[in-house]
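What follows is a single structure, written as structure tokens, with notes after it.
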2 protein chains.
Amino acid sequence: MTTSNAGTRAQATAQAASAARLRVTVPSVADRVAAELRLQLAEGVLLPGTRLTESTIAEDLGVSRNTVREAFAELAAERLVVRLPNRGIFVASLGPGDIHDVYTVRRAVEVSAIRNGGTPERVAAVRAAVEEGKAAAAAGDEEALGTANQHFHGAIVALAECRRLDTIMSQVLAEMRLFFHKATLDAHFYRGYLDDNEEICAALEAGELDRAGDLLLAYLDRSEAKQSAVHGE
Amino acid sequence: MTTSNAGTRAQATAQAASAARLRVTVPSVADRVAAELRLQLAEGVLLPGTRLTESTIAEDLGVSRNTVREAFAELAAERLVVRLPNRGIFVASLGPGDIHDVYTVRRAVEVSAIRNGGTPERVAAVRAAVEEGKAAAAAGDEEALGTANQHFHGAIVALAECRRLDTIMSQVLAEMRLFFHKATLDAHFYRGYLDDNEEICAALEAGELDRAGDLLLAYLDRSEAKQSAVHGE
DNA sequence: AATCGTCAGATTGTTGAACAATCGGCCGAA
DNA sequence: TTCGGCCGATTGTTCAACAATCTGACGATT
């Protein structure tokens, strides 16, 4: 047998495993390395296609190569990085096909979430994200506008109160962030979305869930088309 | 700078990263360890809550502890195991809340996929899964009936031709497989689903996508209720 | 000149051992 | 009984080494 203990013991440990997320825990070194890399990826310091050498990163961050390796495993699981066996790991790059792929996930997750509505608190969070975007636009802060837009869509998924959907969505958003640095150069890129967000949010608040879903769907289709036009072929 | 080379070089490596999945590659030792553990998890050799000791598994499989560690990282990313810092890793166990969570994901993914239909080939694959289930039922093979049911739902998601949705679905199914050994003891558990699958598939083949979606949704709700009744509180 | 093998350098994959940090449980004291 | 501290076991992390593999260049052959 490859396992050590089972049976009645499992009962006790099982609930411990469930309560894992309540635990106070210091993020491991590997986690912090992964976090640092995630940050650099999100900020565009590391561009798609860039090769990440284990030893280099280990030196730069002052950790062991094995630890870097673990961090890479995390990032690879999130698709932020691609592992080419015996060749190294590279910052992931999305091809035209991937754009459609990503938006297909978003259509499934976001539309499903909004169609089922959510508690008043969750709806309020969506509204807050809309206002955050407006404020950013008023301040002329394009960067903040972008993150506000992500908050908006994150809040929509959060309506479902489903932890797994939340992580799926945050991963998808991370992938897009990695990819959209080119597009973001267009200063007015997000500006056109403000009205959409407002309209979707209003429909949500009015309880017109199906209409909100349709609006969101149309929005996503338009957004995909725009992205495909910018990148893509 | 933490990166080594960028710019024009990135262009070349970028497409290499994209074409990664076409590459001929031997799965690494860590991957094989992960695969072995996945198998044992799916077969119920390792029950939820069981503790997996690094050194033990390293010995049993004849690999290094570091390698086992990498395998664990893979499985943790798939939620099949849970890592308790400084305490070890345990086979994941789903609580009542998780059941709803998982089904929420399935509703989002599956219903979205079926509502958009798919190519005739993909629809045929769904039909094939239905027939596979009928054959298993006729043969009285409960195990085959279970896997046929998973094929059915996998085929539905495959309608969308979205790689990311496919992996999401397969991960969710893996989680459920891990969890449903108790339920599967009831020999007739899947039997009731046969008619549902047939009806859903028929609607799909007839192009009545909305109806197929509604049927599927109802099916998932019923399935969740059943599971919650068996486990749960 | 173009193609093909070969070779050297570099990087990854994997191992083994070591050590600190942390955890769980046992034992003793109040 | 309960609290506090100690002990053994396991994990987290590092380091060093080696085999396997890839890349690129050099040179030989056709």
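Everything quoted here is computed from the prediction, not taken from an experiment. Labels below follow one simple rule: chain letters A, B, ... track the order of the sequence lines, proteins then strands, and each chain is numbered from 1.
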Protein-nucleotides 17-20 of chain D N/O pairs under 3.5 Å:
residue: D/dA17; atom: N6; partner: A/R65; partner atom: NH2; Å: 3.2

Checklist entry - Minimum heavy-atom separation for A/L47 to A/V91, with atom names? => result O-CB, 3.4 Å

Checklist entry - How close or far is atom C1' of D/dT11 from atom CZ of B/F72, stated in whole angstroms? => result 11 Å

Item to check | Partner of A/R163 under side-chain hydrogen bond (donor to acceptor under 3.5 Å, both in side chains), chosen from B/T104, B/D98, B/D101 | outcome: B/D98

Checklist entry - Does A/R69 have any side-chain hydrogen bond (donor to acceptor under 3.5 Å, both in side chains) partners at least two apart in sequence or in another chain, and if so, which? => result A/E54, B/E70

Checklist outcome for this item: Side-chain contact check for B/S28: nearest option of C/dG13, C/dT11, D/dT11 is C/dG13

Item to check | Length of the line joining A/N66:CG and D/dT11:C1', which is rounded to integer Å | outcome: 14 Å

Item to check | Residues which pass side chain to side chain contact (heavy atoms under 4.5 Å, CB included) with B/A225, listed by chain and number, not counting sequence neighbours | outcome: none

Checklist entry - Once you round it to whole Å, what is the distance between C1' of D/dC22 and CZ of A/R51? => result 9 Å

Checklist entry - So, B/T67 side chain and B/V63 main chain: donor-acceptor pair closer than 3.5 Å or not? => result no

Next on the checklist: I want to verify a distance call: between C/dT14, D/dG12, C/dT15, whose nearest atom is closest to the A/R69 side chain?
Outcome noted: C/dT14

Checklist entry - Is the gap between the ring centers of A/H153 and A/Y193 under 6.0 Å? => result no

Checklist entry - Rounded to whole angstrom units, what separation is found between the CZ atom of B/F90 and the P atom of C/dC23? => result 12 Å

Checklist entry - For the pair made of CZ in A/R83 and C1' in C/dT14, what is the distance, rounded to whole Å? => result 12 Å

Checklist entry - Whole Å only: how far is the CZ atom of A/R87 from the P atom of C/dT12? => result 11 Å

Next on the checklist: As a test of reading the structure: which of C/dT14, D/dT11, D/dT14 is closest to the side chain of B/S55, going by heavy atoms?
Outcome noted: D/dT11

Checklist entry - Rounding to a whole Å, what distance do you find between A/E70:CD and C/dT12:C1'? => result 16 Å

Using atom types as modelled, flag every donor-acceptor pair under 3.5 Å from a side chain in residues 171-180 of chain B to any protein atom, sequence neighbours excluded.
residue: B/E175; atom: OE1; partner: A/R164; partner atom: NE; Å: 3.4
residue: B/E175; atom: OE1; partner: A/R164; partner atom: NH2; Å: 2.8
residue: B/E175; atom: OE2; partner: A/R164; partner atom: NE; Å: 3.1
residue: B/R177; atom: NH1; partner: B/Q150; partner atom: OE1; Å: 2.5

Item to check | Under 4.0 Å protein heavy-atom contacts per nucleotide of nucleotides 5-10 of chain C, with B for base, S for backbone only and - for none | outcome: ------

Item to check | Contacts of type side chain to side chain contact (heavy atoms under 4.5 Å, CB included), residue B/N86, not counting sequence neighbours | outcome: none

Next on the checklist: Between A/D141 and A/A144 (side chain of the first, backbone of the second, donor and acceptor by atom type, cut-off under 3.5 Å), is there such a pair?
Outcome noted: yes

Checklist outcome for this item: B/T67 has its side chain closest, among C/dG13, D/dT13, C/dT15, to C/dT15

Item to check | Separation of atom CD1 in B/I89 from atom P in C/dC23, rounded to whole Å | outcome: 17 Å

Checklist entry - Think B/T53 has a side-chain N or O under 4.0 angstrom from the OP1 or OP2 of D/dA9? => result no

